[in-house]
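Down below is the structure, laid out as structure tokens.
Predicted, not measured: the structure shown is a model, and the values here were computed from it.
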Amino acid sequence: MDSSATTRRLQHLSRHFKASNITTPPVRVTVTGAAGNIGYALVHMIGQGRLLGPNQQIILTLLELPMAKDQLEGTMMELRDCAFPILKEIRGTTQYDQGFMGCEIAILVGAKPRGPGMERKDLLAANARIFKEQGEALEKYASKNVKVLVVGNPANTNALITAQFAPSIPKSNFTALTRLDQNRAQSIIAQRVSANVEDVRNIIIWGNHSTTQFADVSQATVQQNGISQTVRGLVADDAWLQKAFVEQVAKRGGAIIEKRKASSAASAASAVCDHIHDWLIGTDNGTFVSMGVVTDGKLYGIKEQVCFSFPCICKDGNVKVVEGLKWDQFQQSMIDKTLKELLEEKEMAFSVVVTK
Ligand code: NAD
Ligand code: LMR
């Protein structure tokens, strides 16, 4: 294994180890839907230091609906019983003011999940209202530099709504989770070419966290025995990469729902930790990660404001979209399809939340 691979492996391992030198002030993190499937897994991963590393103390607030008060209390009891050293305080609430007061990282998981046979669009109206309320609450109570990650589906459109209703917080502080799709894609390629998953880099998820997303390997490489090779060259099967692979990644969430009779939970929570960790700690040199970001009218010629997943580089808490990548006809058609869906979702969602 080459030295950069060794470094990455050690960095990865260090995320899981317990705090030894706690020095910086605690960071205020809020998780909504904290007693649900993802929330339950996520708050324990946060306690283990997966979000900001093992030395960063956290004041963790768990926000839930009043009807989930008992589950919230039970989750907090278990979290306390873990005696995680980095959790300076654990708070639980069903009120937005207490949930978001001074919040610096908001992870918005709470939403109605999709059940077997349901389309994500079926949930759009109900969830649009939830994310409007949460945007308004962030506007009122959170830090003006709060970093927001939306997980609840349809995640991209919910992130756009949240940003819209928190106008004093920069749009660049709102993101949607597509890291789970990236992780899925990396894992499929690693298996296909018999590589370590962390040695597969720079697969891009473009667009929506939905079945129209486009998992693109045109920039992706695999590091093996100190040599970097392209995924396209190693796989040597463009037909598979453009169809079966893309579909497998895009439909993985639905396939898990069919088997588990519930939406993916631990893998989603793990991807949340990866997303926030890389956003705030920074991406590795030469590596980009996929994140849903709010477009500004200039990125890749997308004129409309949507929350679109792009390849991103993160440094000092800022997200920079990797620009200038060229698309061929196939890529362009895939991107047009996912953008079209996002525009339709936006229109439907805003017709629910924008009162004339
Ligand atoms: P779940 O039903 O197990 O948990 C949701 C929790 O949210 C519940 O405990 C509920 O009480 C709570 N909740 C609902 N509305 C709330 C509100 N307004 N404020 C606070 N809490 C609220 O669902 P889950 O399996 O944890 O999934 C949560 C969401 O994440 C779903 O929308 C699911 O589709 C989505 N998801 C996204 C990804 C992704 O990669 N972006 C992956 C998996 C799941
Ligand atoms: C996933 O990708 O696992 C989920 O977003 C699926 C879903 O619709 O809840």
Side-chain angles (χ1 to χ4, degrees), residues 15-19 27-52 54 56-96 98-100 103 105-116 118 120 123 126-127 130-131 134 148-155 158 176-177 179-181 183-184 209 252-277:
R15 292 179 197 174
H16 300 276
F17 287 126
K18 120 178 192 225
V27 172
R28 288 169 191 272
V29 177
T30 301
V31 176
T32 73
N37 271 304
I38 297 175
Y40 178 79
L42 176 60
V43 294
H44 290 87
M45 291 181 192
I46 293 174
Q48 288 165 338
R50 285 277 319 272
L51 215 52
L52 299 173
Q56 177 58 60
Q57 280 199 316
I58 285 173
I59 297 174
L60 182 60
T61 301
L62 285 65
L63 179 62
E64 258 295 349
L65 292 177
M67 68 185 210
K69 201 163 174 289
D70 281 349
Q71 291 92 324
L72 172 63
E73 282 171 10
T75 303
M76 289 171 67
M77 285 160 73
E78 276 205 78
L79 201 49
R80 292 213 162 91
D81 292 351
C82 289
F84 290 125
I86 67 159
L87 295 187
K88 186 167 165 56
E89 274 181 58
I90 300 165
R91 301 171 180 177
T93 182
T94 59
Q95 305 295 321
Y96 281 140
Q98 290 170 29
F100 288 132
C103 168
I105 297 176
I107 305 173
L108 308 184
V109 180
K112 202 174 153 48
R114 181 161 69 108
M118 283 171 83
R120 292 164 71 263
L123 297 173
N127 284 324
I130 293 178
F131 287 87
Q134 296 192 352
V148 183
L149 168 59
V150 177
V151 180
N153 277 322
N158 291 339
L177 186 72
R179 183 59 173 266
L180 177 55
D181 309 299
N183 288 349
R184 287 167 172 164
H209 170 70
R252 185 72 165 178
I256 288 171
I257 291 173
E258 289 302 323
K259 293 285 181 192
R260 262 177 42 88
K261 315 292 176 231
S263 195
S264 61
S267 56
S270 184
V272 166
C273 294
D274 292 338
H275 176 114
I276 298 282
H277 180 275

| message | For Asp181, is there an ion pair with Arg252 - N to carboxylate O distance below 4.0 angstrom? | response | no
| query | Would Arg80 and Glu78 pass as an ion pair if we require N to O under 4.0 Å? | reply | no
Side-chain contact, heavy-atom cut-off 4.5 Å: [X] with [Y]?
X: Leu52; Y: His277; value: no
X: Gln56; Y: Val27; value: yes
X: Arg50; Y: Asp274; value: yes
X: Leu79; Y: Asp81; value: no

Of all heavy-atom pairs between [X] and [Y], which one has the smallest distance, and what is that distance?
X: Ile86; Y: Pro54; value: CG2-O, 3.3 Å
X: Thr93; Y: Gln95; value: OG1-N, 2.9 Å
X: His44; Y: Phe84; value: O-CZ, 3.6 Å
X: Ala41; Y: Ala269; value: CB-CB, 3.9 Å
X: Tyr96; Y: Leu63; value: CD2-CD2, 3.7 Å
X: Ile276; Y: Leu51; value: CB-CD1, 3.6 Å

Can you tell me how far the [atom1] atom of [X] sits from the [atom2] atom of [Y], to the nearest 0.5 Å?
X: Met45; Y: Cys273; atom1: CE; atom2: SG; result: 6.0 Å
X: Leu177; Y: Asn183; atom1: CG; atom2: CG; result: 8.5 Å
X: Leu108; Y: Gln134; atom1: CG; atom2: CD; result: 5.0 Å
X: Ile130; Y: Leu65; atom1: CD1; atom2: CG; result: 7.0 Å

Flag, side chain of [X] to backbone of [Y], donor-acceptor distance under 3.5 Å:
X: Thr32; Y: Gly110; value: yes
X: Ser270; Y: Ala266; value: no
X: Asn37; Y: Ala265; value: no
X: Glu64; Y: Ala35; value: yes

| task | Give the C-alpha distance, both sets of side-chain angles, the deciding distance and a yes or no for side chain to side chain donor-acceptor pair (under 3.5 Å) between Asn158 and Asn153. | result | CA-CA 7 Å; Asn158 291 339; Asn153 277 322; over 6 Å; no
| request: Take Val31 and Thr61, measure what side chain to side chain contact (heavy atoms under 4.5 Å, CB included) needs, and give me the verdict at the end. | output: CA-CA 6 Å; Val31 176; Thr61 301; over 6 Å; no
| task | Show your reasoning for whether side chain to side chain contact (heavy atoms under 4.5 Å, CB included) applies to Ile58 and Lys88. | result | CA-CA 6 Å; Ile58 285 173; Lys88 186 167 165 56; over 6 Å; no
| request: Could you walk me through whether Arg184 and Ile256 pass the side chain to side chain contact (heavy atoms under 4.5 Å, CB included) test, one step at a time? | output: CA-CA 12 Å; Arg184 287 167 172 164; Ile256 288 171; 3.9 Å; yes
| field | Ser264 and Leu180: CA distance, side-chain angles, deciding distance, side chain to side chain contact (heavy atoms under 4.5 Å, CB included) verdict | value | CA-CA 10 Å; Ser264 61; Leu180 177 55; 3.7 Å; yes
| Hey, are Thr30 and Arg91 close enough side-chain-wise for a donor-acceptor pair under 3.5 Å? |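 No, no side-chain donor-acceptor contact under 3.5 Å.
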